[in-house]
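Structure first, commentary second.
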There are 2 protein chains.
Amino acid sequence: MEASIESGRAGQRPAIAEVLRESIRQGMLAPGQPLIQASIAEAMGVSRIPVREALHALAAEGLVTFGEDGGARVTALAPEEVDELWTLRALLESHMAPAIVRTATPADVDALRELVAAMDDLEATAWSDRNFSFHQELHRLAEMPHFADATGRVLTMIEPYSRVAVSVLQEQSEAQAEHHQMIEALAAEDSDELARLLLHHSHRARKALLAYAAETAKPVDPQAVATAAARSLADHLGA
Amino acid sequence: MEASIESGRAGQRPAIAEVLRESIRQGMLAPGQPLIQASIAEAMGVSRIPVREALHALAAEGLVTFGEDGGARVTALAPEEVDELWTLRALLESHMAPAIVRTATPADVDALRELVAAMDDLEATAWSDRNFSFHQELHRLAEMPHFADATGRVLTMIEPYSRVAVSVLQEQSEAQAEHHQMIEALAAEDSDELARLLLHHSHRARKALLAYAAETAKPVDPQAVATAAARSLADHLGA
DNA sequence: AGAGAATACAGTGTATACACTTAAATGTAA
DNA sequence: TTACATTTAAGTGTATACACTGTATTCTCT
């Protein structure tokens with residue numbers, strides 16, 4: 001995704017788009033929720049102008065959708081769309097495997113190993129956060145900025161939905177086991193194995209998510225897992 | 001890409017982002033060119049506010065880059081980036097082949113065949129326009145909106161650079177021949193062949209572009225192919 | 001009470017105005 | 001002429017203000 005330094009000149013500001021993007025990714029702002037410009041502006045202590053700019057940027061990223069009435073909402077994905085995005089993620093991520101193996105230094109591998117080890121016994125929310133970082137770090141190693149960018153975008157879009165799966169199923173432990181395998185494949189410089197693992201990683205998670213969606217009434221509802229703190233922010237921003 | 005109807009409420013406006021996106025894609029606004037808000041606003045007959053929103057949206061799409069000084073410019077890609085994007089395009093496009101074959105109706109195929117036939121003897125600029133439409137149409141048929149979106153984004157980003165190759169090399173006739181083959185593969189419902197052709201299509205074009213870049217001093221300079229009319233618009237918008 | 005008209009409200013879109021920053025142009029002294 | 005200080009201009013960032021639109025609410029009349 002974009003560099004975190006939003007602008008040199010006005011750079012000391014907390015970067016409105018960044019805050020909204022993270023809030024959406026972490027599920028604090030649930031899919032479908034209206035994003036009222038004035039509320040966000042007040043919450044952030046700025047006028048509506050920079051808020052509008054952030055919303056337009058996020059809309060271009062696909063995280064926000066402007067309705068016909070002009071109102072912005074957190075993009076809500078249909079199950080088929082989530083499915084498609086998981087497929088896209090699998091394709092992009094597995095394609096980066098050779099580059100990752102090629103450019104990763106032993107120090108990189110160690111850092112990743114440590115990161116994954118630190119995730120072993122985290123609860124769902126904290127684990128999801130680290131999980132996102134782990135994959136982003138992997139992408140960064142490939143030194144393919146546009147692949148990483150596209151993949152990061154997709155990861156961000158599906159994250160609210162992934163979190164449902166992580167919190168509900170035994171998904172977390174399986175994914176975590178695969179993370180360890182990925183580190184070993186990386187250490188062994190086995191790019192085919194890494195690609196295979198990344199493909200499998202996505203496909204399994206995708207299937208788990210869809211299975212969960214199928215067996216519950218309200219198919220995919222990240223709102224349900226929003227934390228209490230998250231809810232209060234969401235309520236503050238909501239209509 | 002986003003739906004063309006930018007907004008219901010203020011929808012009758014010519015959609016500023018749209019105009020800028022097209023201008024960049026077609027090379028009227030050359031990579032690296034400064035995008036002065038006030039100039040664009042005046043040229044479009046609006047204030048800077050909606051212009052800024054458009055620029056932020058385009059920045060999120062990667063077509064525009066905000067410098068450290070806050071100024072926006074048309075994104076200029078390094079040769080490695082163009083190379084990477086061609087690879088990305090090949091990957092995405094070829095992956096859509098089975099879905100395209102699956103969902104295309106005979107009427108769709110006929111329409112595409114006609115479109116391609118109409119391109120046979122066009123000069124470079126007009127051909128490039130139709131070429132873009134042809135591929136977009138192909139993506140649309142796959143009924144995979146997020147794949148199509150990502151691919152369209154990439155196509156747009158590399159378009160100014162592709163045009164250089166089309167105008168300088170015999171690229172156009174080779175690409176056109178491949179287009180005809182794609183139609184036949186599609187008509188024969190041979191998705192493997194279609195995927196192969198799409199891969200080859202990108203890889204060959206990519207190599208041709210890089211070869212051209214290597215043998216010229218100024219590696220990739222789309223400015224050189226901007227038409228006279230384009231230049232005047234660019235100059236008007238430029239600093 | 002219920003249907004329809006009039007009003008108030010909530011929200012967006014955007015033009016204007018002003019503060020701030022950087023870089024260029026100008027002027028001045030050695 | 002060159003180096004340095006000063007002013008000017010060009011550009012951006014954003015707060016405020018106002019116009020517009022749809023929706024809910026209230027009021028009125030039957």
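The sequence lines fix the lettering, A, B, ..., with proteins before strands; numbering per chain opens at 1.
Distance, A:Asp69 CG to C:dC9 P: 21 Å, rounded to whole Å. When the P atom of D:dT14 is taken as reference, atom CD of B:Glu53 falls 13 Å away, rounded to whole Å. Here D:dG11 presents its C1' atom at 13 Å from CZ of B:Phe66, a figure rounded to the nearest Å. Regarding B:His56, its NE2 atom lies at a distance of 11 Å from the P atom of D:dT12, rounded to whole Å. Rounded to an integer number of Å, the gap from CD1 of A:Ile49 to P of D:dG13 is 13 Å. The nearest whole Å value for the distance from the CD1 atom in A:Ile36 to the P atom in C:dA10 is 12 Å. For the pair A:Arg52 CZ and C:dT12 C1', the computed distance is 7 Å after rounding to whole Å. Separating the CD atom of A:Glu68 from the P atom of D:dT21 is a distance of 17 Å, rounded to the nearest angstrom.
Close placement of the B:Phe147 and B:His95 rings is indicated, their centers lying within 6.0 Å of each other.
More than 12 heavy atoms of other residues, nucleotides or ligands shown are found within 6.0 angstrom of CD on B:Glu22.
Of the candidate nucleotides D:dG13, D:dT12, C:dA15, C:dA15 has the atom nearest to the side chain of B:Val46.
The shortest distance between the side-chain N/O atoms of A:Ser47 and the OP1/OP2 oxygens of D:dA15 is below 4.0 Å. Phosphate contact (OP1/OP2 of C:dG13, side-chain N/O of A:Gln37, threshold under 4.0 Å): present.
With salt bridges taken as basic N to acidic carboxylate O contacts below 4.0 Å, none links B:Arg102 and B:Glu143. At a threshold of 4.0 Å, the pair A:Asp129-A:Arg163 counts as salt-bridged, since one of the basic side-chain nitrogens sits closer than that to a carboxylate oxygen.
Heavy-atom distances to DNA chain C give each of B:Arg48 and A:Ala38 a nearest nucleotide, and the one nearer the 5′ end belongs to A:Ala38.
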